[in-house]
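Structure record follows, encoded as structure tokens.
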Amino acid sequence: MQLLILRHGVAKDREDFAASGNSDDLRPLTKGGKRKMKQIANGLRSQIDSIDHLATSPMTRAWQTGEFVADAFDIETKAVVACLVPGVSFDDFAQGCTTLHDIDTLAIVGHEPHLSSLDTWLLTGSDESKIELRKGGSCLIEFESLPRRNAGMLKWVLTPRQLRALAR
């Protein structure tokens, strides 16, 4: 299985949004963040043939990012899963993947620093983050079977700028 890990796009300023009185969970992508995510999703399309399953964190900025990926890959289904919320254990993520036996490529959209720590855990078994994913950045990890601790092989890490350039 391949696991595409994608950090959500540029969202509205945390402090400015907090002044609205709404939960940070509802903080959306900016207009520029949406424009860039469309390009990033098209850049991902140039690197990956297809996505079989797309899952996002339930936070607005993550599922909005997932919508751009779904559009670029012409897929309709998208799962919103709590195991992609920062602070949830990586074992919970791995356990959630155990039902995905027939999937070649799983894409997930989430948040920092959770995703960088997750990818390090999947590659090395360590919880200490060793890969930085900028907003809209992505990495691809390959597994012989299902995603689990210390079992992945890093295929690539791409910055948002690199992904946007690949969309051209």
Side-chain angles (χ1 to χ4, degrees), residues 1-9 36-59 61-167:
M1 175 189 286
Q2 294 187 113
L3 175 64
L4 175 68
I5 299 175
L6 175 64
R7 183 177 178 190
H8 68 77
K36 288 179 180 180
M37 277 315 309
K38 183 175 183 178
Q39 294 171 327
I40 288 167
N42 288 329
L44 288 170
R45 185 72 172 122
S46 76
Q47 299 302 298
I48 299 173
D49 292 332
S50 64
I51 291 174
D52 301 303
H53 189 75
L54 173 63
T56 74
S57 142
M59 295 181 185
R61 55 199 176 274
W63 63 257
Q64 284 179 325
T65 297
E67 289 295 322
F68 289 104
V69 174
D71 288 347
F73 285 86
D74 197 28
I75 56 176
E76 293 184 25
T77 57
K78 184 177 60 157
V80 175
V81 293
C83 67
L84 294 174
V85 173
V88 174
S89 85
F90 303 139
D91 287 319
D92 287 350
F93 171 79
Q95 180 62 36
C97 291
T98 60
T99 62
L100 305 175
H101 292 285
D102 298 330
I103 291 180
D104 291 324
T105 304
L106 167 64
I108 61 171
V109 182
H111 313 270
E112 282 295 283
H114 189 251
L115 290 180
S116 291
S117 297
L118 174 63
D119 57 31
T120 301
W121 183 82
L122 291 167
L123 294 168
T124 69
S126 171
D127 291 357
E128 187 179 332
S129 175
K130 299 292 183 189
I131 295 175
E132 178 185 355
L133 291 177
R134 300 180 74 178
K135 291 177 182 168
S138 184
C139 69
L140 184 69
I141 301 175
E142 190 170 85
F143 299 88
E144 286 185 18
S145 59
L146 297 172
R148 66 182 194 284
R149 181 182 192 154
N150 196 29
M153 181 174 71
L154 182 64
K155 300 301 279 186
W156 50 255
V157 177
L158 293 170
T159 67
R161 177 179 285 170
Q162 291 167 325
L163 287 164
R164 289 192 310 270
L166 289 168

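Only this structure's heavy atoms are used, side chains among them; waters, hydrogens and symmetry mates stay out.
- Listed by first then second residue, pairs satisfying salt bridge (Lys or Arg N to Asp or Glu O under 4.0 Å) with a partner in residues 62-74 read Glu67-Lys78, not counting sequence neighbours.
- Taking the side-chain contact (heavy atoms from CB on, under 4.5 Å) definition, one finds that Thr159 meets it with Arg161, Gln162, sequence neighbours left out.
- In this structure, Glu142 places its CD atom where more than 12 heavy-atom neighbours from other residues, nucleotides or ligands lie under 6.0 Å away.
- Distance check: Ile108 CD1 to Cys97 SG gives 7.5 Å after rounding to the nearest 0.5 Å.
- Distance check: Ile131 CD1 to Leu118 CG gives 10.0 Å after rounding to the nearest 0.5 Å.
- Closest approach of Gly87 and His114 over heavy atoms only: N-CD2, 3.7 Å.
- Rounding to the nearest 0.5 Å gives a distance of 5.0 Å between CG of Leu163 and CG of Leu158.
- In this structure, the side-chain contact (heavy atoms from CB on, under 4.5 Å) partners of Val81, at least two apart in sequence or on a different chain, are Ala55, Ala79, Cys83, Leu84.
- When side chains are defined from C-beta on, Trp63 does not count as touching His8, because their heavy atoms never get closer than 4.5 Å.
- Applying the side chain to side chain donor-acceptor pair (under 3.5 Å) test to residues at least two apart or on different chains, the pairs with a partner in residues 128-139 are Glu128-Lys130.
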Walk me through it: do Val109 and Leu54 pass the test side-chain contact (heavy atoms from CB on, under 4.5 Å)?
CA-CA 8 Å; Val109 182; Leu54 173 63; 4.2 Å; yes
N/O donor-acceptor pairs under 3.5 Å from side chains in residues 36-47, not counting sequence neighbours:
residue, atom, partner, partner atom, Å
Asn42, ND2, Lys38, O, 3.2
Arg45, NE, Ala72, O, 3.3
Arg45, NH1, Asp49, O, 2.1
Ser46, OG, Gly43, O, 2.6

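- Put simply, the side chain of Asp52 gets close to the backbone of Thr105: a donor and an acceptor are under 3.5 Å apart.
- Residue pairs meeting the salt bridge (Lys or Arg N to Asp or Glu O under 4.0 Å) criterion with at least one partner in residues 100-118, sequence neighbours excluded, do not occur; the list is empty.
- Qualifying ring pair (Phe, Tyr, Trp, His ring centres under 6.0 Å) partners for Phe73, counting only residues two or more places apart in sequence or in other chains: none.
- Listed by chain and number, the residues in a side-chain hydrogen bond (donor to acceptor under 3.5 Å, both in side chains) with Ser57 are His111 (sequence neighbours excluded).
- By the side-chain contact (heavy atoms from CB on, under 4.5 Å) test, Ala151 pairs with Phe143, Arg148, sequence neighbours left out.
- Rounding to the nearest 0.5 angstrom, the gap separating the CG atom in Leu115 from the CG atom in Leu122 is 10.5 Å.
- In terms of the side-chain hydrogen bond (donor to acceptor under 3.5 Å, both in side chains) criterion, Ser117 has no residue partners (sequence neighbours excluded).
- Atom-to-atom distance recorded for Leu133:CG and Ile5:CD1 is 7.0 Å, nearest 0.5 angstrom.
- Side-chain contact check for Thr56 versus Val69: every heavy-atom pair is 4.5 Å or farther apart.
- In this view, Arg7 satisfies the salt bridge (charged side-chain N to carboxylate O under 4.0 Å, His left out) rule with no residue, not counting sequence neighbours.
- Annotation: the span from Leu140 atom CG to Leu3 atom CG amounts to 7.5 Å, rounded to 0.5 Å.
- Gln64 pairs by the side-chain contact (heavy atoms from CB on, under 4.5 Å) definition with Pro28, Leu29, Lys34, Thr60, not counting sequence neighbours.
- Using modelled atom types, no side-chain atom of Thr120 and backbone atom of Ser126 make a donor-acceptor pair closer than 3.5 Å.
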